[in-house]
Amino acid sequence: MSTQGDTTRMPSASGTTPGKLPFVVWVLAAGTFLMGTTEFVVAGLLPELAGDLGVSVSHAGLLIAAFAVGMIVGSPTMAMATLRLPQRRTLVLALSVFCLGHLVAALSTSFTIVLAARVVTALATGAFWSVGFVVATAAAGPHRATRATGVMIGGLTLANVVGVPIGSFAGQFTGWRGPFWALAALSGLAAVFIGRFIPAGEQRVEVTLRAEVRALRQGRLWLALGAAMLIMGGVLATYTYVTPLLTDRAGIPAGAVPLVLIAFGVGALGGTTTGGRLGDRRPMATTITAAAATALVLFLMIPLAGNPVTATLLVFLMGLTGFTVNPVVTALAMRFAGDAPTLTSALTTSAFNTGIAAGSAIAGTALDSSLGLTGPPLVGTVIAALTLLPLIALAVHGPSHRGRIVARSSAPEHGRRDDPAQVPSQH
């Protein structure tokens, strides 16, 4: 298959307009950092969680799947439910519920209650992400909307570099409850901070619910969402159970696992940056190459993860190749949505988390089967390889589409002089 026609330029993840982003964008990125940390830190705490709550490691992995399911439902539901609500109130309420969910989990000795708290926390995360995206792009202005989105996604990626390893490392000394207490405290502080820095003005809705739903008729939009779901499913099928793989197969001490998770986070951050830069010019060549490389890396984990050095290298490469796809398919989905990006933004989050939930669940079953520790990377390989199907379909169909990214406005206007209409995609 040729990608010679892959010349459509996408909005750059790093932005093309000079100038600093508003401070509020960085505040919101801090919120996504906390929420990214809580979603993935459980992967580094599975043995402690399982032992303390009296369940198997594979059963404890449901805590990751449960959060993903909450995000799948919560993101589009909360995006539509809060479409006409004051943005500041929605963000503060979401962080407050997020804080409460962690307090309940940290105080509980019941796996069922901890599981339920994870779902509620995920619903709050979906509300925060959906509204936070709108606030960030409105504050940045239309010519820096994509850059603002990249910063928010960067907060999520940075969680893998800093938040997850620190949480996993702290869990070695304080038990799994320590990171949960810390996240509760930090999210409460973030709620106060956002209440201070987000403007109090009411949201002015420029796109109706009908227009948001009508945007979903784009067939190419669903191909992009399918690719988002599959690539995350492949990576997280392996990542969810990477701790037992590293300790029991590679022979890495439990205390050193957070260092390997840092390697994954560095790879993920590098992948997000690479995807944002290369995908700007050649989206399909970038995503197809990265997806194929991800499948190869996950496959190599089956024979090569028995050595600590190769296992660590492969975990790094898993983050690098897998996360290269994310910003590109997200930008494609937003472009295909045209003038109604809010629901599509939420559905992109749902797609990623559908992959996380399905991949984690299937990998857990494989872990308990005769495949043992090789089960999760094998499942991940198959799912990552399937990512090529929607990507090739997009390449054949042609990704070019004159869609627009709308930066919704909220009052006050932050002193902007930009035309709040849209950013056209460039051809």
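Basis for what follows: all heavy atoms, side chains included, without hydrogens, waters or symmetry-related copies. Predicted model only: the values in this text are computed from it and were never measured.
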| query | Which pairs with one or both residues in residues 350-385 pass ring-ring contact (aromatic ring centres under 6.0 Å, His included), sequence neighbours excluded? | reply |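 Listed once each, the pairs would be none.
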| Which pairs pass ring-ring contact (aromatic ring centres under 6.0 Å, His included) with one or both residues in residues 218-252, sequence neighbours excluded? |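 Every ring-ring contact (aromatic ring centres under 6.0 Å, His included) pair that includes a residue of residues 218-252, provided the two are not neighbours, is Tyr239-Phe264.
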Would a distance-only check, ignoring hydrogens and angles, find a side-chain to backbone donor-acceptor pair under 3.5 Å from [X] to [Y]?
X	Y	answer
Thr289	Thr286	no
Thr374	Leu371	yes
Ser360	Ala357	no
Thr310	Gly306	no
Thr387	Ile231	yes
Thr365	Ala361	yes
Arg118	Leu63	yes

Below 4.5 Å, heavy atoms only, C-beta onward: do [X] and [Y] meet side chain to side chain?
X	Y	value
Phe323	Met232	yes
Ser168	Val41	yes
Ile194	Phe128	yes
Pro165	Val257	no
Thr240	Pro376	no
Leu304	Leu314	yes
Leu332	Met284	yes
Thr348	Val329	no

What heavy-atom pair brings [X] and [Y] nearest, and what distance separates the two atoms?
X	Y	answer
Leu28	Gly132	CD1-O, 3.6 Å
Pro179	Gly175	CD-O, 3.3 Å
Thr312	Ala263	CG2-CB, 4.3 Å
Leu298	Ala384	CD1-CB, 4.0 Å
Ala351	Ala228	CB-CB, 4.2 Å
Leu388	Ala291	CD2-CB, 3.9 Å

| query | According to the salt bridge (Lys or Arg N to Asp or Glu O under 4.0 Å) rule, which pairs have a member within residues 47-73, sequence neighbours left out? | reply |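 For residues 47-73: Asp52-Arg177.
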| message | For the CZ atom on Phe111, are there more than 12 heavy atoms of other groups (residues, nucleotides or ligands in this structure) within a distance under 6.0 Å? | response |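 Enclosed: over 12 neighbouring heavy atoms sit under 6.0 Å from CZ of Phe111.
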| More than 12 heavy atoms of other groups within 6.0 Å of Phe169 CZ |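 Open: at most 12 neighbouring heavy atoms sit under 6.0 Å from CZ of Phe169.
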| task | Apply side-chain contact (heavy atoms from CB on, under 4.5 Å) to Thr238 and Val379, showing your working. | result | CA-CA 8 Å; Thr238 306; Val379 170; over 6 Å; no
| request: With side-chain contact (heavy atoms from CB on, under 4.5 Å) as the test, would you mind laying out the steps for Val242 and Leu261 before giving the verdict? | output: CA-CA 9 Å; Val242 73; Leu261 299 184; 4.0 Å; yes
| query | By side-chain contact (heavy atoms from CB on, under 4.5 Å), which residues pair with Ser110, not counting sequence neighbours? | reply |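 side-chain contact (heavy atoms from CB on, under 4.5 Å) check on Ser110 returns Ser108, Thr112, Ile113.
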| request: Could you list the residues that satisfy side-chain contact (heavy atoms from CB on, under 4.5 Å) with Thr90, not counting sequence neighbours? | output: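 Scan of Thr90 (side-chain contact (heavy atoms from CB on, under 4.5 Å), adjacent residues dropped) gives Thr82, Leu85, Val131.
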Atom pair [atom1]/[atom2] of [X] and [Y] - distance to nearest 0.5 Å:
X	Y	atom1	atom2	result
Thr121	Leu100	OG1	CG	8.0 Å
Leu373	Ile302	CG	CD1	12.0 Å
Ile72	Met229	CD1	CE	9.5 Å
Leu230	Leu225	CG	CG	11.0 Å
Thr354	Met71	OG1	CE	10.5 Å
His102	Trp181	NE2	CH2	12.0 Å

| Would Leu317 and Leu320 count as a side-chain contact (heavy atoms from CB on, under 4.5 Å) if you check the C-alpha gap in whole Å, the side-chain angles of each, and the deciding distance to 0.1 Å? | CA-CA 5 Å; Leu317 292 175; Leu320 178 66; 4.2 Å; yes
| field | salt bridge (Lys or Arg N to Asp or Glu O under 4.0 Å) against Arg249, all qualifying residues, sequence neighbours excluded | value |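 So Arg249 forms no salt bridge (Lys or Arg N to Asp or Glu O under 4.0 Å) with any residue.
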| request: Give me the ring orientation class for Phe180 and Trp176: parallel if the planes are under 30° apart, tilted from 30 to 60°, perpendicular past 60°. | output: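 If you compare the ring of Phe180 with that of Trp176, the planes turn out perpendicular.
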| request: Any chance you could lay out the side-chain contact (heavy atoms from CB on, under 4.5 Å) test for Val260 and Ile252, step after step, and finish with the verdict? | output: CA-CA 9 Å; Val260 182; Ile252 295 176; 4.0 Å; yes
